[in-house]
*Asks:* 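Handing you a structure now.
In each ligand, atom 1 is the first atom listed, and ligand 1 is the first ligand listed. Counting begins at 1 with the first residue of the sequence.
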Amino acid sequence: MSANIAEMEKRRSAAKLGGGQKRIDAQHAKGKLTARERLDVLLDEGSFEEMDLYVEHDCVDFGMQDQKIPGDGVVTGSGTINGRLVYVFSQDFTVFGGSLSARHAQKICKVMDAALKVGAPVIGLNDSGGARIQEGVASLGGYADVFQRNVLASGVVPQLSLIMGPCAGGAVYSPAMTDFIFMVKDSSYMFVTGPEVVKTVTNEVVTQEELGGAITHSSKTSVSDLALENDIEALLAARDFFDFLPSSNRDGVPERPSADAWDRLEPSLDTIIPPSANQPYDMHEVIRKTVDEGEFFELQPLHAGNIIIGFGRVEGKTVGIVANQPMVLAGVLDINSSKKAARFVRFCDAFSIPLITFVDVPGFLPGTDQEHNGIIKHGAKLLFAYAEATVPKITVITRKAYGGAYDVMSSKHLRGDLNYAWPTAEIAVMGAKGAVEIIFRGQDADGIAAKTKEYEDRFANPFVAASRGYIDEVIYPHSTRRRIALGLRKLRNKELENPWKKHDNIPL
Ligand code: HXC
């Protein structure tokens, strides 16, 4: 018996060395952790249970039959994060560059299947040279098997991808179909074709970082939700983030005790709106003063800053927050902000996370750039997302809610459950001056000024909308948290179903 155990231990330790000490040292020299070290940081101590440690590839081409490394370049299994179950895979760059073989893919599929079966999130740590070149089509098939599972799992269990090394070719499409992507600065890259192919085909000279680094994808493309400084920071961020996520669409939002009083008043919010409508203020402050302990996990902070998205908690339970940001482009809705918020709203709706929307929006951004790039279609995404969402929806209009953007931002008409306005709210078709210049075209400056004043007096307030029941109540800004907490309590058992359909046809 002891000989058998010794044999098992020998095999285990050999397998855990992956591609060997030299390659582990090379990984460390690049400032990267190994696949197993990453799991140690991500998961609760001692919670990782590995599967498929001894799986090997079956390739016999290009001398591969003599190069078998147990585990085949990916560490898979399950563990816990702050006590909650999660399924994980972590690609091992020290084994054939973390490249994906058929068996490597099979291991990933196995954890995804297990996660779906029991209703637990999947976190993938990606560090891979893409398809295992020696395997050819077998590896392409493996990718497609993973893609198929990403799609089936979408909306059933949360999926998070951490990009912690190269991620090239078709390899980018599995992370792209997960719910969230975190990237590590300076060591992770995502592109369909790398700089050398780009140079050959388009003659452009570009670095890996510029083409598909963490900053590029977190600011320009929005492929990534966050750019973190290093592996440890990314893994710790993933742990914090995980705490906000439900385990599956069958579970409610996670709860944790909060010492923050549900009815905490915030007198400073009574004076946060500047005297002039053109002066900005930071909507982050409104958000932080509303959620438990001021803790707000923002996503995509570097992309489309005119809208803010992220998770917070009220009375210990997760809420999704969407807010116009007057500090950036006056909080206008444009293509990027509409797309950013729409996907977030749909995630929250899929996983029964209540939505809190703070509104200060002057409308949609005018211009040929926006029109020709499809603001109609892209703006419709956010409208569609809010309209189809059946989770509890609470809206607070802090200042402007103009035009179509008023409708879009979780208005009463889109089945907003509780629509509040601060006394500073202005709910109108457009700003007073613009409106008057259209309806009183040709009048002199004095006439325009007089009519502007009249229009402001009539519409630059929340009471016209409130008189129609479009606003449920005009509330003191200092009572915002209290009103939201009360509202969420009342909406806890909300039941609302959309008509049966195979699926909808959101304007993609
Ligand atoms: C097999 C691979 C590999 C791959 C790397 N390696 N990529 N082995 N298949 N795709 C191996 C290397 O041979 C090397 O082995 C080890 O991994 C480390 O690679 P290096 O090149 O030494 O590392 P580095 O300099 O850091 O460069 C990493 C890299 C580069 C940028 C990822 O290796 C690279 O460009 N690889 C090829 C990328 C690629 O074209 N992949 C196919 C994409 S197409 P040793 O033994 O020396 O340690 C694709 C299609 C999928 O993915 C489509 C799905 C729909």
*Asks:* Out of Gly20, Gly129, Ala26, Ala168, indicate the one that has the non-hydrogen atom closest to atom 42 (C) of ligand 1.
*Replies:*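 It is Gly129 whose heavy atom sits nearest to atom 42 (C) of ligand 1.
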*Asks:* How about CG on Asp504, more than 12 heavy atoms from neighbouring residues, nucleotides or ligands closer than 6.0 Å, or not?
*Replies:* yes
*Asks:* Quick one: which residue pairs count as a ring pair (Phe, Tyr, Trp, His ring centres under 6.0 Å) with a foot in residues 176-226, not counting sequence neighbours?
*Replies:* Phe180-Phe241, Phe180-Phe347, Phe182-Phe241
*Asks:* Which ligand 1 atoms does Gly130 reach within 4.0 Å, using its non-hydrogen atoms?
*Replies:*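 Reading through ligand 1 atom by atom, the close ones are 52 (O).
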*Asks:* Would one find an N or O of Phe147, backbone or side chain, under 3.5 Å from an N or O of ligand 1?
*Replies:* no
*Asks:* Out of Val197, Asp127, Val192, Ile133, indicate the one that has the non-hydrogen atom closest to atom 9 (N) of ligand 1.
*Replies:* Ile133
*Asks:* Using a strict 4.0 Å threshold on nitrogen-to-oxygen distance, state whether Asp72 and Arg132 make a salt bridge.
*Replies:*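 Salt bridge present between Asp72 and Arg132.
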*Asks:* List every atom of ligand 1 that sits less than 4.0 Å from any heavy atom of Pro166, numbering the atoms from 1 in the order shown and giving each element.
*Replies:* 32 (C)
*Asks:* Under 3.5 Å, which donor-acceptor pairs link side chains of residues 157-165 to any protein atom two or more places apart or in another chain?
*Replies:*
from: Gln159; atom 1: OE1; to: Asn150; atom 2: ND2; distance (Å): 2.9
from: Gln159; atom 1: NE2; to: Asn150; atom 2: O; distance (Å): 2.9
from: Ser161; atom 1: OG; to: Thr178; atom 2: OG1; distance (Å): 2.8

*Asks:* Any heavy atom of Phe93 closer to ligand 1 than 4.0 angstrom?
*Replies:* yes
*Asks:* Mark up the atoms of ligand 1 that fall under 4.0 Å of a heavy atom belonging to Arg23, in ascending order.
*Replies:* 45 (P), 46 (O), 48 (O)
*Asks:* Out of Cys59, Ser99, Gly73, indicate the one that has the non-hydrogen atom closest to atom 3 (C) of ligand 1.
*Replies:* Ser99
*Asks:* If the cut-off is 4.0 Å to any non-hydrogen atom of Tyr143, which atoms of ligand 1 fall inside it?
*Replies:* 51 (C), 54 (C)
*Asks:* Hey, is Leu100 touching ligand 1 through its side chain, its backbone, both or neither, going by heavy atoms under 4.0 Å?
*Replies:* neither
*Asks:* Applying side chain to side chain donor-acceptor pair (under 3.5 Å), run through His57 and Gln134 and close with a yes or a no.
*Replies:* CA-CA 11 Å; His57 69 74; Gln134 297 90 331; over 6 Å; no
